[in-house]
There are 2 protein chains.
Amino acid sequence: MTDTLDAPNARADFGRRLRQLRQDRGWTLTDVSQRSGLAISTISKAERGVISLTYDRLSQLARGLDVDLAALFHAEGHSFEPGSFAVARKGEFKRQETPNYVYEMLFPDMWNKAMTPMMGSLKAREFVQFEDFVRHPGQEFLVVLDGSVTVFVEGREPVLLNAGDSIYFDSSVGHLYASDGDRDARILVVCVPSPGV
Amino acid sequence: MTDTLDAPNARADFGRRLRQLRQDRGWTLTDVSQRSGLAISTISKAERGVISLTYDRLSQLARGLDVDLAALFHAEGHSFEPGSFAVARKGEFKRQETPNYVYEMLFPDMWNKAMTPMMGSLKAREFVQFEDFVRHPGQEFLVVLDGSVTVFVEGREPVLLNAGDSIYFDSSVGHLYASDGDRDARILVVCVPSPGV
DNA sequence: ACAAAAATTTTCCTATCGGAAAAATTCTTG
DNA sequence: CAAGAATTTTTCCGATAGGAAAATTTTTGT
């Protein structure tokens, strides 16, 4: 009930996007109708935001347009503001501290980023204090900027990375970082969440 | 007409996924009803695949479940090989050279990465030699590891970044990097493609 | 084990979707 | 500029979504 007001706009935007997809391919309503099995009029109305397609029709239409259903929604208005950009200056980060790490998320107030870059410092430690493995659906990329880092991936041998080395892994598998040696280490981590959950 | 047969299955799968999302959060139908503004019965039917939600309702429901609309449609299957990981050692990269850049894609032979990390060197230049802007759907993140870099984003003022600074932007907008000053610059770039298209 | 409460499903009915065909608009071509 | 073709929009109506409330099932407390 709350958002009945702006809903039509979202629908209209979505419609424009549908039309864009169709026209990008140089197809007519008739073409898409044949490819999708939807009535011409239905597609026409959907593109203009006159009606609100059901899941079944959206599903058909996606196939007709030859895109993954999820793709229909991805580049949508609320992805992140198309054309926008943001700069993060060194040291201007929002700090977040845990016993072993100091994390600084780079663009904390930017919505809907496809990836989450973080700068981190790992404190030098006598020996690894085993906290729990971290797990979160998605993929993670880590590059060592300075120092040495041991990466523990659940069920695997530890991996030692030196400055310039990097690792890419499924972040739903338990993982944990620790500075190796007597210096603090600097790392850059980028996470891509798997959508949903 | 063609896919009337499997459509119900897709819808049912989708419904199960909706229920999963709700239960993962420990919410009842009533909870989601309040959060989304949808009737309890509507959510119940949708979860069981009895009805096929319209775009408007899907949109509301996504907000109620606190997920991006696109996330609702992502099949969990095609993440990337679950549990796998890869290490890239400094200097072991596949080199790719253009007049202004030297790029080294970090995990070139790994399939289905959600993001594409690249190490790059920007050659020092007297003044910017204007090649064409680069454009590709998705989002891009750049961090300056060493030196200074000027980032040109189409339609905007150039942005000067020093070591440690970073920028995050919509990569479908034309962009271009150049080393600033008399030294070569080292950068790390991570791209996330927008699916579809 | 039973009663009360909570959660989910079913029923009933109205609003809206979606298809077929007619009407209108836009695009070609002489 | 006009006639005809191609494309899009509108109209009309049957099919289905979606809300309110009753009925059922499941859970909780004693």
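Throughout, protein chains are lettered first and strands after them, A, B, ... in sequence-line order, and every chain is numbered starting at 1. Just so you know, these numbers use all the heavy atoms, side chains as well, and skip hydrogens, waters and symmetry mates. Not measured: the values here are computed from a predicted model.
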> Can you measure B/L29 atom CG to C/dT10 atom P for me and round it to whole angstrom units?
12 Å
> When the distance from CZ of B/R11 to P of D/dG18 is rounded to whole Å, what number comes out?
10 Å
> What is the separation between atom CD1 on A/I51 and atom P on D/dC12, rounded to the nearest whole Å?
17 Å
> Applying salt bridge (Lys or Arg N to Asp or Glu O under 4.0 Å) to B/E154 and B/R135, what does each step give before you reach the verdict?
CA-CA 10 Å; B/E154 196 171 24; B/R135 262 175 280 261; 2.6 Å; yes
> As a test of reading the structure: which of C/dT8, D/dG18, C/dG18 is closest to the side chain of B/L53, going by heavy atoms?
D/dG18
> What does A/L38 touch in the nucleic acid at a heavy-atom separation under 4.0 angstrom: a base, only the sugar-phosphate, or nothing?
sugar-phosphate
> Kindly indicate whether the side chain of B/S41 and the base of D/dA20 share any N or O donor-acceptor pair separated by less than 3.5 Å?
yes
> Applying side chain to side chain contact (heavy atoms under 4.5 Å, CB included) to B/N162 and B/V144, what does each step give before you reach the verdict?
CA-CA 6 Å; B/N162 297 307; B/V144 179; over 6 Å; no
> What is the nucleic acid contact for A/S44, judged by heavy atoms within less than 4.0 Å: base, sugar-phosphate only, or nothing?
base
> On DNA chain C, check which nucleotide each of B/R19 and A/T42 is closest to and give me the residue with the more 5' one.
B/R19
> Can you measure A/K45 atom NZ to D/dC13 atom P for me and round it to whole angstrom units?
13 Å
> When all nucleic acid strands are considered with a 4.0 Å heavy-atom cut-off, which category describes B/T28: base, sugar-phosphate, or nothing?
sugar-phosphate
> Roughly how far, to the nearest 0.5 Å, is OG of A/S36 from CZ of A/R57?
10.0 Å
> Would A/F152 and A/H175 count as a ring pair (Phe, Tyr, Trp, His ring centres under 6.0 Å) here? Give the steps.
CA-CA 5 Å; A/F152 297 87; A/H175 55 283; over 10 Å; no
> Roughly how many Å is it from CD1 in B/I40 to P in D/dA20, rounded to a whole number?
10 Å
> Return whichever of B/T30 or B/R57 has its heavy-atom-nearest nucleotide of DNA chain C closer to the 5' end.
B/T30
> Please answer whether the main-chain N or O of A/A46 pairs with a side-chain N or O of B/Y55 as donor and acceptor at a distance below 3.5 Å.
no
> Round to a whole Å and report the spacing from CD of A/Q23 to P of D/dA6.
19 Å
> Axis-to-axis angle across the helix from C/dA1-D/dT30 to C/dG30-D/dC1, five pairs an end, to 10 degrees?
50°
> Rounded off to whole Å, could you give me the CZ-to-P distance for the A/R48 and D/dT8 pair?
11 Å
> Do the charged groups of A/E47 and A/R22 touch, with an N to O distance under 4.0 Å?
yes
> Are any of the side-chain nitrogens in B/D146 or B/R183 under 4.0 Å away from the carboxylate oxygens of its partner?
yes
> Expressed as a whole number of angstroms, how long is the span from A/Y55:OH to C/dG18:P?
14 Å
